[in-house]
Participant: 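The structure follows.
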Amino acid sequence: MVKNLGEKDLLAIINSVALQGLKGQKIKVEVDVSNGLPALDLVGLPDSAVREAKDRVRTAIKNSALEFPVKRITVNLAPADIKKEGPVYDLPIAVGILGATGQIHEALYSGVAFIGELSLDGSVRSIHGVLPLILAARKLGLKGVVIPRENAPEGALVEDMEVFAVSSLAELALALRGEAELEPVKKEAYPYRQEQPQTIVDFADVQGQLTAKRALEVAAAGGHNILMMGSPGSGKTMLARRIPTILPDLTFAEAIEITQIYSLAGQLTNHQPIITSRPFRSPHHTSSAASLVGGGRFPRPGEISLAHHGVLFLDELPEFHKDALEALRQPLEDGFISVSRVAASIDYPASIMLVGAANPCPCGFLLDPEKDCICTPYQVQRYINRISGPLLDRIDIHLEVPKVSYAELTDVSPGEPSAAIKARVEEARGRQRERFKDSGITCNASMGSREVRRYCRLEASAAKLLQDAFKRLGLSARAHNRILKIARTIADLDNQKNILTNHLAEAIQYRGLDRLFRN
């Protein structure tokens, strides 16, 4: 919109979008050109990158064979109480100056949002977070959005929205003068289900460990968190790295959710505009709480959010900083994480499957039947206590992983392949989707207390078994519900409508380490 404020004053208002986490806010870039000493002033809580835009914009306009007014220019980024960050406002500021000086036609940019960084030669550079910006613009009711050409693959993912990609400010100016036409980005049917190559890891490579494989199958089928504990070299990490091969395929909606996070974190490429497989994140045990949760003055996604709809694998779990481990409590319970800083408070999605691996003691041989542990009881308890009770309660399955015997290690017959396990997992997830349709729940692990009471009813003998286990293991109310959720998943794998006693007995077996942690 352009308003004539007088014979010599003009005001142009250009649309753009700001992100607060993954939520969008419409930004109006108001550009006033008036007589006075030549200057370009930016107001509206800009950060350093935004303030530097005036130098980039001035030079880009001149080098694009366009006229930069030798007047006083005031740019207001409204609303003024929202902090503006990053170079995304270069393009709307430049368009505003061209609009206020009559170099482009108002009707051609009305209702369209502009996002992009300008280089000094006038070309439009790619930016991070284009996909969530476009989705936010659509939600805000804008009819179109102009983005950098390099970000076009992300723009092609969004339906019901006109997305235009430009390479330079000169190209855009020609289109906004009516002298050229911008074609909308062609929508691409990108495959969001990716066939796994034959060379990747597979459960068929794992010798022995039948109990561990079964537990991981249950965990994948119900989306349950799992902690594997065993001696060094027992295969905990090897098993964990094969979990993605048995997880269900992503739906398109899940793929878009994950891709938004990776776009915001700057981890997409033109060759991979959409995340097609479930994430597997494995941060080192020296990682800080901020790297897991997300950090910065304006918090960016951390490892927990980057593992959304996938696996967060924490190897050597007790070696992580205590504050980093305690930061896992909220996302494991709620499926999202709130990151609060002085400048902003952001919510990021964090529906993860937590997989932890740990030694049972500092030397690692407490549960080893062949090698003696050299740790004192105090050292063992101190080591185990690094994993707090509240965090342990939020981990559904506790699994002891024994060493592989020599006979199992030298067995040349292949184990069951991941494809066969994945087929059973997909069938179990299908039963859960049917059970929870229209409820917003995706798997058994996400059930609340109400759903547990409704779908996890027990016959008399199973109820008595659970009562005895509750007293013997000293379980909490949360652990009680998690056993019922695991039993429900086992019943789904068995294609049983009701939870039987054998399903509950197997579920209780997966809480066997409670005694070690309680003593």
Side-chain angles (χ1 to χ4, degrees), residues 14-19 24 27 29 31 40 42 46-66 68 75 77 83-99 103-104 109 112-137 142 144-158 161-176 180 182-186 259-274 296 298 300-301:
I14 308 298
N15 292 311
S16 190
V17 182
L19 286 177
I27 301 297
V29 180
V31 181
L40 176 53
L42 275 169
D47 72 351
S48 298
V50 180
R51 285 194 296 270
E52 292 169 354
K54 58 185 180 182
D55 298 316
R56 293 191 296 269
V57 169
R58 179 187 294 109
T59 308
I61 289 177
K62 290 180 178 178
N63 289 337
S64 299
L66 299 165
F68 188 85
V75 178
L77 306 176
K83 185 77 173 177
K84 318 303 185 306
E85 61 169 343
V88 298
Y89 303 104
D90 289 9
L91 195 59
I93 291 172
V95 172
I97 293 174
L98 298 179
Q103 300 181 64
I104 57 178
Y109 61 78
V112 177
F114 296 84
I115 53 177
E117 177 186 351
L118 289 174
S119 63
L120 297 184
D121 64 358
S123 59
V124 183
R125 288 177 170 167
S126 63
I127 58 172
H128 299 328
V130 165
L131 180 59
L133 282 166
I134 297 173
L135 293 172
L142 295 165
V145 60
V146 177
I147 63 173
R149 177 77 62 187
E150 292 181 23
N151 294 121
E154 290 180 62
L157 299 173
V158 183
M161 183 72 169
E162 284 194 318
V163 180
F164 305 93
V166 295
S167 300
S168 66
L169 182 59
E171 176 190 355
L172 178 59
L174 285 173
L176 296 180
L182 282 181
E183 292 292 334
V185 173
K186 184 179 179 181
T259 303
Q260 284 190 77
I261 299 171
Y262 277 71
S263 175
L264 191 60
Q267 297 194 20
L268 291 182
T269 65
N270 289 341
H271 303 294
Q272 187 190 28
I274 183 171
F298 292 89
R300 293 300 188 200

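Values below: all heavy atoms of this structure, side chains included; hydrogens, waters and symmetry mates excluded. By convention here, the first residue in the shown sequence is residue 1. Predicted model only: the values in this text are computed from it and were never measured.
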Participant: With sequence neighbours left out, what residues match Val158 under side-chain contact (heavy atoms from CB on, under 4.5 Å)?
Facilitator: Leu131, Ile134, Leu135, Arg138, Met161
Participant: Determine whether a donor-acceptor pair (N or O, by modelled atom type, separation under 3.5 Å) exists between the side chain of Thr59 and the backbone of Asp55.
Facilitator: yes
Participant: Tell me every residue that passes side-chain hydrogen bond (donor to acceptor under 3.5 Å, both in side chains) with Arg125, counting only those two or more places apart in sequence or in another chain.
Facilitator: none
Participant: Applying side-chain contact (heavy atoms from CB on, under 4.5 Å), can you list everything that pairs with Arg149, at least two apart in sequence or on another chain?
Facilitator: Ala165, Ser167, Glu171
Participant: Could you list the residues that satisfy side-chain hydrogen bond (donor to acceptor under 3.5 Å, both in side chains) with Ser16, not counting sequence neighbours?
Facilitator: none
Participant: Let me see the working for Val124 and Leu118 under side-chain contact (heavy atoms from CB on, under 4.5 Å), right down to the final yes or no.
Facilitator: CA-CA 5 Å; Val124 183; Leu118 289 174; 4.0 Å; yes
Participant: Kindly give the heavy-atom pair with the smallest separation between Lys62 and Phe68, and that separation in Å.
Facilitator: CG-CB, 4.1 Å
Participant: So among Glu150, Glu154, Glu117, which one has a side chain to side chain donor-acceptor pair (under 3.5 Å) with Ser126?
Facilitator: Glu150
Participant: What heavy-atom pair brings Pro92 and Asn15 nearest, and what distance separates the two atoms?
Facilitator: CB-O, 4.4 Å
Participant: Is any side-chain heavy atom of Tyr89 closer than 4.5 Å to a side-chain heavy atom of Val75?
Facilitator: no
Participant: Report yes if some heavy atom in the side chain of Leu91 is under 4.5 Å from a heavy atom in the side chain of Ile115; otherwise report no.
Facilitator: no
Participant: Looking at every heavy atom in both Ser64 and Ala60, which two are closest together, and how far apart are they?
Facilitator: OG-O, 2.7 Å
Participant: Identify, with sequence neighbours excluded, every residue that meets salt bridge (Lys or Arg N to Asp or Glu O under 4.0 Å) alongside Asp121.
Facilitator: none
Participant: Are Leu133 and Ile127 side-chain neighbours, meaning at least one heavy-atom pair lies under 4.5 Å?
Facilitator: yes
Participant: Test of understanding: with side-chain contact (heavy atoms from CB on, under 4.5 Å), list the residues that count as partners of Ala136, not counting sequence neighbours.
Facilitator: Val17, Leu19
Participant: Which heavy-atom pair separates Leu264 from His128 by the least distance, and what is that distance?
Facilitator: O-CB, 4.1 Å
Participant: Test Ile93 against Leu42 for side-chain contact (heavy atoms from CB on, under 4.5 Å), laying out the working first.
Facilitator: CA-CA 10 Å; Ile93 291 172; Leu42 275 169; 3.7 Å; yes
Participant: Donor-acceptor pair, distance only, cut-off 3.5 Å: does the side chain of Ser168 make one with the backbone of Ser123?
Facilitator: no
Participant: Calculate, to the nearest 0.5 Å, the distance between atoms CG and CD belonging to Asp47 and Glu52 respectively.
Facilitator: 8.5 Å
Participant: Name all residues meeting the side-chain hydrogen bond (donor to acceptor under 3.5 Å, both in side chains) criterion together with Glu162; count only those two or more places apart in sequence or in a different chain, and write none if there are none.
Facilitator: none
Participant: Checking Lys84 side chain against Leu77 main chain: does a donor-acceptor pair fall under 3.5 Å?
Facilitator: yes
Participant: Taking the side chain as every heavy atom from C-beta outward, state whether Leu169 and Leu98 have any atom pair closer than 4.5 Å.
Facilitator: yes
Participant: For Ala175, give me all partners under side-chain contact (heavy atoms from CB on, under 4.5 Å), at least two apart in sequence or on another chain.
Facilitator: Leu182
Participant: I need the minimum non-hydrogen distance between Ala113 and Leu142, along with the two atoms involved.
Facilitator: CB-CD1, 3.5 Å
Participant: Identify which one of Val130, Val185, Leu268, Val163 satisfies the side-chain contact (heavy atoms from CB on, under 4.5 Å) criterion when paired with Asn151.
Facilitator: Val130
Participant: By side-chain hydrogen bond (donor to acceptor under 3.5 Å, both in side chains), which residues pair with Arg300, not counting sequence neighbours?
Facilitator: none
Participant: Indicate the atoms forming the closest heavy-atom contact of Ile104 with Val95, along with that distance.
Facilitator: CD1-O, 3.6 Å
